[in-house]
Novice: 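Here you go, one structure.
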Amino acid sequence: MKWLIWCLTIYGLLIQSVYAIEHQQLKTAEGDQYDVIAISNLKQLRLFLKNSTNQQYYKSFNNIQKNLKQCERLSFAMNAGMFHPGFSPVGLYVEQAKVIQPLNENKGLGNFFLQPNGVLGWNKKQAFILTTQQYSRRDLNVEYATQSGPMLVIDGKINSLFLPDSQSNKIRNGVGIRNNKLYFVISKNSVSFYRFAQFFQRNLEVEQALYLDGSISSLYIQKNKRNDQLFEMGPMVGSVNQTDCRVK
C-alpha cells in the first residue's frame, strides 16, 4: 500500500510538472506569429529582480538559474515590466509579499504611462490583472506583483488608444488572464499595439491583458532550449520546476 501511495504521489507530481506550463506557437490570419505560454500552477510562478545574496540585479535568465536551488529548474521566463536605466522597476514591484517599489500613479511620457496602465499580481491561488486605478482601491493579498503599461485589453475590449492602421511595429510581449489562467505572449515578428491586443482579445479570448514591454522582449523555454540573451533586463517572471526537490 505504501508503495502504491508513493507511486501515485510521484505520478501526480510529474503530471503537475507537465501541465504547469503549456507552450504553443500560433499564427493569425494576418500572418503574425506568437509564442504563448499558459500558466495554471501559480505556486511555481515567481518574479525575479535581485540576487538575495549579493543584491545584484539578475539581468539575465542565466543568472536566475545559477542562483536557484540545486534541485530547482527554470522552465519558463520572460521580462516582466519596464525599468529604469539602473534596472530598478518603474512601477509597483512586489516579491515574496514584500513591496520593493511602490505603485506609480504619476503622469509621464512613454508606454508605461499610456492610460490606463495596470498591474499583474498573484498569490498561490489567485491571479489578477487590474488597471492601476483599480489596484489602488483594493486591499489585495499578493505575493508577487509588477506594474506596467498600457493595458492591452480591458474587460474584453481593446484599449481605445490603439489605432488599427498604426505602422509602429515592434517585437512585443505581454500577459493576459482568463479563468485564473495566465497567458504570457511574445511576438515572433514586429506588430503594432492594436494587432498585439487583438491577438489577446480574438485568439486567446482573455478578459484583461497588460503590455509588458517591446524591443527588449525576451523569452526562456527550457524544453525548447530557447534562451534569448540579446538584452539585459530588470524585472523578470519565471516558472520554477521543483519536482526534484519534492521527490528526494
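Keep in mind the model is a prediction, meaning the values are calculated, not measured. In this chain, residues are counted from 1 in sequence order.
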Novice: Check the pair Leu130 / Gln208 against side-chain contact (heavy atoms from CB on, under 4.5 Å), numbers first and verdict last.
Specialist: CA-CA 8 Å; Leu130 298 171; Gln208 321 291 334; over 6 Å; no

Novice: Looking only at the side chains, is there a donor atom on one of Thr132 and Asn117 sitting less than 3.5 Å from an acceptor on the other?
Specialist: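 Judged by distance alone, the side chains do pair up.
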
Novice: Would you say Ser148's side chain and Leu212's backbone share a donor-acceptor pair under 3.5 angstrom?
Specialist: yes

Novice: Between Tyr211 and Phe193, does the ring centroid distance fall short of 6.0 Å?
Specialist: yes

Novice: Tell me if a side-chain donor or acceptor on Asn104 pairs with a main-chain N or O of Gly91 at a distance below 3.5 Å.
Specialist: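 Here the side-chain-to-backbone pair does not exist.
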
Novice: Is there a donor-acceptor pair closer than 3.5 Å between any side-chain N or O of Asn189 and the backbone N or O of Gln33?
Specialist: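 Looks like yes, one N/O pair under 3.5 Å.
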
Novice: So if you build clusters from Ile, Leu, Val, Met, Phe, Trp, Tyr with side-chain heavy-atom gaps below 4.5 Å, do Met78 and Leu68 land together?
Specialist: yes

Novice: Does Glu72 use its side chain to pair, donor to acceptor, with the backbone of Gln242 at less than 3.5 Å?
Specialist: no

Novice: When rounded to the nearest 0.5 angstrom, what is the spacing between NZ in Lys43 and CD in Glu143?
Specialist: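 So the NZ of Lys43 and the CD of Glu143 are separated by 10.5 Å.
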
Novice: Determine, using the 4.5 Å side-chain heavy-atom cutoff (strictly less than), whether Leu114 and Leu109 are members of one ILVMFWY cluster.
Specialist: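 Per the 4.5 Å side-chain linkage, Leu114 and Leu109 are not co-clustered.
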
Novice: Report yes or no: is the cationic atom of Arg46 (NZ for Lys, CZ for Arg) under 6.0 Å from the centre of the six-membered ring of Tyr144, at an angle within 45° of the ring normal?
Specialist: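 The answer is no; the distance or angle limit is not met.
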
Novice: Report yes if some heavy atom in the side chain of Ile37 is under 4.5 Å from a heavy atom in the side chain of His23; otherwise report no.
Specialist: yes

Novice: For residues His84 and Val90, report the shortest heavy-atom separation together with the two atoms involved.
Specialist: NE2-CA, 3.7 Å

Novice: In terms of side-chain heavy atoms, does Asn241 have a donor or acceptor partner in Thr243 at a distance below 3.5 Å?
Specialist: yes

Novice: So do Ile129 and Met151 actually touch side chain to side chain, heavy atoms under 4.5 Å?
Specialist: yes

Novice: What closest approach, in Å, do Val237 and Trp122 show between heavy atoms, and which atom pair accounts for it?
Specialist: CG2-CH2, 3.9 Å

Novice: Could you walk me through whether Phe162 and Phe196 pass the side-chain contact (heavy atoms from CB on, under 4.5 Å) test, one step at a time?
Specialist: CA-CA 10 Å; Phe162 302 156; Phe196 192 45; over 6 Å; no

Novice: Compare all side-chain heavy atoms of Ser218 with those of Phe231 and state whether any distance is below 4.5 angstrom.
Specialist: yes

Novice: With side-chain contact (heavy atoms from CB on, under 4.5 Å) as the test, pick out the partner of Val185 among Leu204, Asn173, Val206.
Specialist: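 Looking at Leu204, Asn173, Val206, the match for Val185 under the side-chain contact (heavy atoms from CB on, under 4.5 Å) is Leu204.
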
Novice: Does the side-chain contact (heavy atoms from CB on, under 4.5 Å) test come out yes or no for Phe83 and Leu49, once each step is laid out?
Specialist: CA-CA 10 Å; Phe83 52 92; Leu49 185 65; over 6 Å; no

Novice: Would Tyr194 and Leu163 satisfy side-chain contact (heavy atoms from CB on, under 4.5 Å), going step by step from the backbone distance to the final call?
Specialist: CA-CA 6 Å; Tyr194 186 89; Leu163 303 175; over 6 Å; no

Novice: Between Gln147 and Met82, is there a side-chain heavy-atom distance shorter than 4.5 Å?
Specialist: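 The answer is no, as the side chains (C-beta and beyond) never meet within the 4.5 Å cut-off.
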
Novice: Verify the cluster assignment for Ile216 and Tyr57: are they in a single hydrophobic cluster under the rule of side-chain heavy atoms below 4.5 Å apart?
Specialist: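 Hydrophobic grouping puts Ile216 with Tyr57.
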
Novice: Using 0.5 Å steps for rounding, measure from the CG atom of Asn67 to the OG atom of Ser52.
Specialist: 7.5 Å

Novice: Determine whether Gln126 and Asn180 make a side-chain contact, defined as any pair of heavy atoms from C-beta on separated by less than 4.5 Å.
Specialist: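 In contact.
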
Novice: Any heavy-atom pair between the side chains of Leu45 and Phe184 that's under 4.5 Å?
Specialist: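 Counting from C-beta outward, Phe184 and Leu45 do come under 4.5 Å.
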
Novice: At what distance, to the nearest 0.5 angstrom, does CG of Leu210 lie from CZ of Phe200?
Specialist: 9.0 Å

Novice: For residues 194-223, which residue pairs qualify under salt bridge (charged side-chain N to carboxylate O under 4.0 Å, His left out), counting only residues two or more places apart or in two chains?
Specialist: Glu30-Arg202, Asp32-Arg195

Novice: First locate atom NZ of Lys66, then atom OG of Ser60, and finally report the distance between them rounded to the nearest 0.5 Å.
Specialist: 6.5 Å

Novice: Would a distance-only check, ignoring hydrogens and angles, find a side-chain to backbone donor-acceptor pair under 3.5 Å from Gln115 to Phe113?
Specialist: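 Yes, Gln115 side chain to Phe113 backbone: donor-acceptor pair under 3.5 Å.
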
Novice: Can any side-chain N or O of Asn123 pair as donor or acceptor with the backbone N or O of Ala97 at less than 3.5 Å?
Specialist: no

Novice: Can any side-chain N or O of Gln167 pair as donor or acceptor with the backbone N or O of Asp165 at less than 3.5 Å?
Specialist: yes

Novice: For the residue pair Pro150 and Asn159, what are the closest heavy atoms and their distance?
Specialist: CB-ND2, 4.0 Å

Novice: Less than 4.5 Å apart, any side-chain heavy atom of Phe199 and any of Val36?
Specialist: yes

Novice: What heavy-atom pair brings Leu219 and Asp35 nearest, and what distance separates the two atoms?
Specialist: CD2-CB, 4.0 Å

Novice: Distance from Ser40 atom OG to Leu182 atom CG, nearest 0.5 Å?
Specialist: 9.5 Å

Novice: Taking all non-hydrogen atoms of both residues into account, name the closest pair between Ile186 and Arg226 and its distance.
Specialist: CD1-NH2, 4.0 Å

Novice: For the OG atom of Ser239 and the CD1 atom of Ile39, what is their distance to the nearest 0.5 Å?
Specialist: 4.5 Å

Novice: What pair of heavy atoms forms the shortest contact from Lys181 to Ala38, and how long is it?
Specialist: CE-CB, 3.8 Å

Novice: Do any N or O atoms from the side chain of Asn79 and from the backbone of Met236 form a donor-acceptor pair under 3.5 angstrom?
Specialist: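 A pair under 3.5 Å: no.
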
Novice: Is Thr131 reaching over with its side chain to a backbone N or O of Pro116, donor-acceptor style, under 3.5 angstrom?
Specialist: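 Absent.
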
Novice: Can you hop from Phe48 to Ile21 via hydrophobic side chains spaced under 4.5 Å?
Specialist: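 Yes, Phe48 and Ile21 fall within the same hydrophobic cluster.
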
Novice: Is there a path from Ile154 to Leu120 through hydrophobic residues (I, L, V, M, F, W, Y) whose side chains come within less than 4.5 Å of each other?
Specialist: yes

